[in-house]
Amino acid sequence: MTDKNPDKGYVALLGWSLNAIDAVDRFDRRYVVVAPPWAEDYCKQNDIPFVPWDFDRLNERSHELAHQLDDMGVDVAIPIFEETVEWAGAVNAVLLKNPRLLGQAMLFRDKSLMKRRAQLGGIRVGVFEEAHDKGDVIRFLKRVNQTLLKLDGDPNDPIHFKAFDKSGTAGHRVIRTPEDVDNIPDEEFPALLESHLDGWEFAVEAWIKNGKIEFLNISEYVTLGYSVFVPATPELEAHRERITEEIEKLIDVFDIEFGFIHPEYFLTNDNKLYFGEVAYRPPGFNALELIERAYGFNGYQGLVLAFDPKTTQDELDAFFPKEIVDAKGHAGCFGVYPRRRVVSRLEIPEETANHPYFEFHELADPREQKVAKRSAFGTHWGLAYFFGNNPHDLRDLLKKQEELDYYV
Amino acid sequence: MTSQDASPDDGQSGGDKSVVMRLAVTLDAAVDRLERARPFAKSRYQGPVLDVLGRIIAQPGGLGVVRQRAARMDAAGLFAGSDWDRPEALLPQLVGGTLVSEDPAFQALEAASLARFLAVADGEARHDNLHEEGARHFLTQVLALNLKDLFGVSDEATRGLGARQDVKRRVLRHIADHIGLNDVLSVLVSEIWRLLEQRSVQVGVVKDMIAQIAVALNEKGTEPGSTRLGAERLVSALFGPTAASRDDPGLSVYLERISIADETGLSREAMGFARAMHDTGLVSDYHAAFLIWALDFDQRPLIPEALGLGTTGLDCWRHYRGLIEKLVRSAVTPATPQAAYGLAMLLERGILHHAPMVPALERQLSLRLGGAARDRIALGFGPAVPPETQLLSGVLRVLGQPLGVGQGANPTCQSARAIALWALNDPDYLLHLITQVAEFDTLQMQFEGVQINSADLPVGLAGSGPIDADPVSVLLVAHLDRIYAEMGRHCAGRPGDPHKWINPQFHGWWVSRDCAVAVDVTTGQLDAYDGFLRRFFATYHPDYNGGRPLGHPQPAGIAVTDAQQRFVGWHAIAILRVTEDQTGRMRVYFYNPNNDSGQDWGNGVVVSTSGHGERQGEGSLEFDAFLSRVYLFHDEPLRSSYGQDIPEDVIAAVRDRAIASWAADRQPQGMIDGA
């Protein structure tokens with residue numbers, strides 16, 4: 001904690017992420033990590049400023065945390081995980097004396113509310129509905145397919161089943177048949193149901209200050225849950241202007257003054273943009289690292305700038321590069337799932353290992369030899385990173401990885 | 001978009017160099033991230049660096065890239081949180097194991113650590129806890145401890161490692177290239193002498209090592225002393241063993257010199273060659289040239305002197321001079337000098353007095369290799385001399401040094417053992433097999449009356465056979481291997497270990513017809529192990545078998561363990577004799593088709609190859625230690641009771657050693673009181 005500038009803001013990171021702490025520790029602002037008590041020893045040993053806190057469901061103790069941080073002189077709280085978004089809202093409502101921030105955070109935490117709010121604000125969304133039990137799911141599946149004029153026996157168009165408050169692909173199921181519905185455990189209800197949209201799915205990472213976009217990245221999904229790369233192909237980047245307008249609508253509708261959002265969109269075949277959902281925290285799949293590899297700036301440090309009320313416009317201008325033109329190349333990653341039922345070791349496929357775009361991997365050695373059957377989108381066993389010049393080659397390469405065995 | 005891509009734009013274009021250059025750029029990106037990370041976050045960024053390192057060290061030239069960055073990677077925190085962070089506390093004896101670790105990250109970590117030592121030793125980098133001398137000393141020890149891998153002798157344990165072993169060798173080579181072999185000379189010299197004591201048929205690796213020494217001596221010289229003496233003895237045996245060749249003048253100059261030498265001078269040359277050859281088992285190119293020249297020197301026979309023959313050999317020379325001269329003329333060439341040593345040892349064994357041998361060798365002299373057999377020999381030994389010459393040279397060497405037959409880097413211990421035992425026991429039969437394969441590209445044998453023809457069989461364990469062994473093995477092993485496998489198929493369904501039936505049928509009448517196996521074949525668990533041990537005592541131990549010496553060598557199976565006593569695999573050897581050594585300890589002397597018998601099987605079971613009464617090519621262990629690794633042996637079927645009088649504590653001592661090692665997880669329940 002040497003080279004910290006006392007004139008700049010003092011931030012609290014809500015949630016334990018070593019990547020985030022590492023990045024912020026290297027930055028010029030005072031910070032404190034708010035995380036569960038098990039992290040205490042580690043923080044002591046490594047001189048990491050720390051406030052122990054159990055983030056269960058948001059409760060009346062949020063006030064206690066807010067005042068503790070306020071007393072320490074903290075200016076703003078930054079949510080690192082989906083589960084801490086509402087805590088950050090509650091804390092910031094106190095720190096920034098803006099009660100509206102709590103309500104805003106609650107919107108981000110409930111996918112159903114979020115969608116309705118977006119719809120009310122004139123943003124195009126797909127067909128969706130809340131489900132409280134399996135009957136709701138069957139009904140939605142049938143109705144969607146009736147609408148599509150399918151006859152009995154025709155294969156159904158899938159629908160999507162998503163937990164209200166989970167991030168990324170956690171709790172996300174694709175439902176095609178009543179049997180798929182049977183496989184949903186009761187504890188996953190209530191949930192959000194969405195019709196399936198055929199099209200191009202992508203995500204946006206936007207750093208926002210004073211209601212204005214400071215940096216907007218488009219992350220192109222090759223296959224949802226498997227692979228992503230930045231910056232996107234020129235074909236997708238061609239829509240950047242429209243996408244920027246959509247983000248500005250979100251800022252408007254959700255009344256976002258500062259911070260960071262991570263929405264997902266569909267570009268359908270009839271060239272319409274559909275809003276999927278939005279998160280008020282860093283994306284999964286290490287997208288910030290891909291952005292750093294491509295653009296050279298650290299996304300977490302960008303987060304600090306976007307949240308800190310004391311950040312100046314000069315700082316922002318100096319920090320963020322210019323989209324697309326300042327990228328040194330395209331960076332992508334692939335989430336590896338074992339493809340065989342029983343695996344014994346990790347072996348990078350030879351054609352991957354020899355490909356000039358392949359950089360390195362962070363794959364776990366198989367600890368247990370039995371592969372869990374995947375019903376919902378599961379957790380991958382680690383990521384393989386790629387970097388190269390040609391976005392189309394990179395996209396095809398990432399797609400190709402889905403057919404290769406990393407675990408044999 | 002501006003595209004200063006980190007990677008060369010066409011990944012397909014380059015050869016190895018561009019791959020290394022590209023990986024170097026990727027490595028730098030990974031090291032940058034590691035460098036930036038705070039100490040508590042280092043571990044997250046170490047993995048990617050190690051991942052790239054693992055790929056770079058597998059590339060030719062990759063280690064240079066690693067060495068250049070070693071100090072930077074160290075400072076960036078590559079070793080943070082691991083033992084490697086304190087180089088001053090690292091143990092050189094652990095390096096070899098880590099370099100072939102199953103986890104590529106450890107392999108990469110060790111390579112990076114060695115690269116750091118190298119950078120410090122070269123003065124390219126500095127380290128707070130490591131000075132130039134210390135780094136050099138450490139690397140010297142690493143090289144000395146891993147010489148075998150540096151020069152490429154392979155055994156069961158390394159054969160299974162494949163690419164991991166290649167990386168290890170590459171790392172060791174890189175270190176040797178940088179710090180030189182001067183410091184390791186003394187270790188190297190004693191290692192070479194140890195290998196030479198075993199008198200392998202194949203001496204290519206040893207010759208390589210000696211050439212390395214010659215270069216080292218020539219470049220830097222060494223302090224006078226015993227090391228230098230031993231080293232010079234080796235170098236001179238190869239490059240200048242006599243007065244007229246001492247300065248390594250080249251063959252044409254040498255031949256000029258001897259053409260004008262007087263008789264005393266020639267005699268001195270002949271004796272000089274003979275002394276160097278019997279001292280080392282190596283034949284200098286000058287020696288080969290001298291022998292060929294001596295064939296046409298009509299004033300007096302120089303061959304017996306130049307071969308250094310003793311009484312038996314001289315006796316053979318007197319009886320079969322014509323044949324011997326033909327053998328020298330046909331087998332000894334600049335490309336096959338070792339035939340001279342094989343011939344000398346063959347004569348010394350007196351086997352020419354065995355009636356079928358002279359006609360069999362005459363047949364060998366006139367043998368013409370056909371089709372596939374010819375191609376195989378040519379593939380294995382190149383075009384310098386005709387395949388017939390290579391084969392004849394190989395025949396002389398195998399017959400002269402039966403215990404020098406080695407399996408090369410192939411899983412064919414059974415076939416190599418058979419060739420060695422025939423050469424020892426049934427030399428005319430071996431020549432008969434060679435003729436079959438050479439002329440007809442097939443081998444015929446019988447299994448319990450059923451005809452087996454190798455040409456009709458699918459390939460066995462060794463695929464199309466080794467090409468890194470001696471010529472006789474290159475010719476025969478593919479066939480033997482198939483026959484062996486076929487005999488195994490004939491045993492399918494029979495209860496117990498198939499070797500019981502295969503070994504006698506495969507080798508000959510002299511393999512005892514009964515067979516004891518320590519483990520239950522279906523479960524792999526020990527089975528009546530105490531009885532097994534008693535039976536071995538009663539069959540082989542002179543104190544318990546009525547003092548009968550072993551007549552013919554007997555195949556046996558060994559559970560090979562590594563230096564940590566971990567089970568490596570089953571291995572075929574042959575028991576040659578059981579007798580007391582000079583100090584009165586009972587020892588088993590055996591033949592191991594492995595290329596180097598001197599192995600550490602853990603817990604003090606270290607196979608000795610000299611100094612305990614071994615003949616050249618034999619390995620030996622004290623009786624108990626040997627028995628503790630045996631899992632299969634043959635004995636005579638007609639005896640019914642055995643070894644009941646052997647004290648329990650003698651048996652228990654052996655059993656404990658087995659259970660401490662290969663049999664650790666093979667104890668059936670209730671075994672301790674059973675048997």
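Note on naming: letters A, B, ... go to the chains in the order of the sequence lines (proteins, then strands), and numbering restarts at 1 for each one.
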Inter-residue atom distance B/Asp103.CG - A/Arg345.CZ, 0.5 Å rounding: 13.0 Å
d(A/Phe386 CZ, B/Thr26 OG1) to nearest 0.5 Å is 11.5 Å
Can you say whether [X] sits under 4.5 Å from chain B via the side chain, the backbone, both, or neither, judging by heavy atoms?
| X | answer |
| --- | --- |
| A/Ile21 | both |
| A/Asn354 | backbone |
| A/Glu292 | side chain |
| A/Glu289 | side chain |
| A/Phe358 | both |

Sort by residue number and list every residue of residues 28-54 of chain B having at least one heavy atom under 4.5 Å from chain A. B/Ala29, B/Ala30, B/Arg33, B/Arg36, B/Ala37, B/Arg38, B/Phe40, B/Ala41, B/Arg44, B/Tyr45, B/Pro48, B/Asp51, B/Val52
Whether over 12 other heavy atoms sit under 6.0 Å from A/Arg242 CZ: yes
Is atom CZ of B/Phe106 surrounded by more than 12 heavy atoms (other residues, nucleotides or ligands) closer than 6.0 Å? no
